[in-house]
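Index from 1, following the sequence.
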Amino acid sequence: MKLNKHCSECLYNREKKRALEIENSDERKAYLQEVEEIVTHGDFQSQVEFLDAVFRLYDGKYGKTESYHELKEKFNSFMLQQEEAIMARIKSTQDPLRTAIQAAQAGNYIDCMALPEIDEAILGKLLANFEDNPLMEDIYDEFLEDLSRAKHLVYLTDNCGEIVMDKLLIRIIQERYPQVEIQVIVRGEEVLNDATMEDARQVRLDTVASVEGNGTALSGTCLHLIPEKIRKRIESADVIIAKGQGNYESLVGCRLNVYYTFLCKCQYLMGKFSCEHLHPIFYPESRIHNTDDELH
């Protein structure tokens with residue numbers, strides 16, 4: 001999704017808040033002018049690339065000032081504590097695959113980029129009530145049909161903690177469609193609270209499927225920037241599940257058989273999908289006009 005005015009303003013305002021950490025007012029002003037230059041003259045295919053450019057600018061000047069290590073350990077551990085009970089709930093339902101998708105959507109709340117603060121009470125409510133969120137029946141039927149024919153599925157993850165719910169969904173897919181080989185792809189390097197190989201090992205995601213990093217520190221999946229081996233693996237997949245807004249923003253328009261799933265957390269996407277804040281999305285690339293990203 002090309003960087004649009006709404007998203008560039010939102011990301012710029014985020015940088016204005018972070019720039020408050022720069023004590024010298026002249027230095028702060030100069031930094032924000034450089035950010036404005038990136039906004040004005042940068043040629044980005046997605047918001048993910050813009051964010052990466054700004055991160056590199058800030059880190060190059062001031063070093064990495066934010067560490068998400070403690071937060072990632074906290075939410076990985078928290079979600080692991082929920083794993084057994086949620087799997088029991090999933091398996092007790094009439095359609096465990098549908099329920100596993102709903103659980104995975106709820107986990108997408110753990111997002112430091114889109115949310116100024118991760119409210120554990122809200123997370124708890126989402127986990128308690130995820131079965132109340134319906135899937136569009138025709139899209140779900142299309143997904144099942146694709147899985148029944150598939151041999152290779154690529155699962156693109158998003159955040160820490162959330163990947164515990166991804167693990168449950170992967171297990172349910174494997175039980176229902178044992179012919180499908182599943183490859184999980186996490187971020188290649190640390191970026192925000194996105195899941196990396198370290199997180200995958202912490203939640204034992206690597207015990208249920210093959211997991212590899214995407215070779216980048218981008219908070220999405222930019223096919224033209226990731227290593228060729230990973231790109232070819234994604235492009236050759238029969239089905240792709242892409243978790244999170246970052247993967248949606250960087251992949252939409254790719255014309256691959258992608259099913260995007262996330263909680264809607266920004267005004268722009270809330271308008272696009274005609275939904276409220278934190279509404280769960282499960283939507284295929286096949287129903288998006290590739291020229292202007294309009295839904296149909």
Side-chain angles (χ1 to χ4, degrees), residues 1-3 7 38 42-57 59-60 64 113 143 146-147 149-160 162-163 166-167 169-170 173-174 177 179-201 203 205-262 283-286 288-291 293:
M1 187 168 76
K2 291 288 287 185
L3 185 66
C7 295
I38 294 175
D43 182 20
F44 304 106
Q45 294 190 25
S46 70
Q47 291 85 328
V48 169
E49 293 176 49
F50 171 83
L51 190 65
D52 178 62
V54 173
F55 280 173
R56 286 188 282 107
L57 172 65
D59 293 348
K64 286 186 177 292
M113 176 61 200
F143 179 63
D146 281 347
L147 287 180
R149 297 193 301 260
K151 292 184 178 180
H152 301 284
L153 182 151
V154 166
Y155 197 113
L156 303 172
T157 67
D158 192 16
N159 299 306
C160 69
E162 174 182 357
I163 55 175
D166 297 331
K167 180 170 70 166
L169 174 53
I170 288 166
I173 292 173
Q174 290 170 330
Y177 300 98
Q179 87 284 359
V180 179
E181 177 187 349
I182 299 177
Q183 176 68 55
V184 180
I185 298 179
V186 297
R187 307 298 189 230
E189 300 176 35
E190 295 289 334
V191 53
L192 300 167
N193 70 311
D194 290 17
T196 63
M197 285 300 301
E198 180 180 359
D199 301 291
R201 295 187 185 103
V203 306
L205 179 58
D206 57 336
T207 65
V208 301
S210 175
V211 185
E212 63 184 325
N214 69 5
T216 76
L218 297 167
S219 58
T221 304
C222 301
L223 293 174
H224 63 294
L225 296 177
I226 62 178
E228 182 180 13
K229 181 185 76 168
I230 306 298
R231 177 178 56 78
K232 287 184 176 180
R233 196 185 304 280
I234 295 170
E235 292 177 339
S236 64
D238 299 308
V239 180
I240 302 163
I241 296 174
K243 289 294 298 295
Q245 289 185 176
N247 280 327
Y248 171 83
E249 291 165 356
S250 52
L251 281 172
V252 67
C254 67
R255 302 187 182 187
L256 301 174
N257 192 25
V258 185
Y259 286 84
Y260 302 104
T261 183
F262 54 89
Y283 208 85
E285 169 74 18
S286 62
I288 298 172
H289 289 298
N290 294 319
T291 55
D293 294 343

| said: Under a 3.5 Å cutoff, is there a donor and acceptor pairing between the side chains of Ser210 and Gln183? | reply: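 Their side chains do contain a donor-acceptor pair, which is all the 3.5 Å distance test asks for.
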Hey, does the side chain of [X] reach the backbone of [Y] with a donor-acceptor pair shorter than 3.5 angstrom?
X      : Y      : answer
Asn257 : Ile240 : no
Gln179 : Ala150 : yes
Tyr283 : Ile288 : no

| message | Consider side chain to side chain contact (heavy atoms under 4.5 Å, CB included). Of Val258, Ile173, Leu156, Asp166, which one does Ile241 pass it with? | response |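 One option only clears the test, and that one is Ile173.
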Approximate separation, where rounding is to 0.5 Å, of [X] [atom1] and [Y] [atom2]:
X      : Y      : atom1 : atom2 : value
Leu51  : Arg56  : CG    : CZ    : 10.5 Å
Lys151 : Asp238 : NZ    : CG    : 8.0 Å
Ser250 : Ile226 : OG    : CD1   : 9.0 Å
Thr207 : Arg201 : OG1   : CZ    : 12.5 Å

Side-chain heavy-atom pair [X], [Y] within 4.5 angstrom cut-off:
X      : Y      : value
Ser236 : His152 : no
Glu181 : Leu153 : no
Val239 : Phe143 : yes
Leu251 : Tyr260 : yes

| Parallel, tilted or perpendicular: which fits the ring planes of Phe50 and Phe44, with parallel below 30° and perpendicular above 60°? |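 Rings of Phe50 and Phe44: perpendicular, as their planes differ by over 60°.
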| Can you list the steps and then say if Ile170 with Gln174 is a side chain to side chain contact (heavy atoms under 4.5 Å, CB included)? | CA-CA 6 Å; Ile170 288 166; Gln174 290 170 330; 3.8 Å; yes
| Going through the distances and angles, do Val48 and Cys222 end up as a side chain to side chain contact (heavy atoms under 4.5 Å, CB included)? | CA-CA 8 Å; Val48 169; Cys222 301; 3.9 Å; yes
| request: List the steps and the verdict of side chain to side chain contact (heavy atoms under 4.5 Å, CB included) for Glu212 and Arg233. | output: CA-CA 11 Å; Glu212 63 184 325; Arg233 196 185 304 280; 2.5 Å; yes
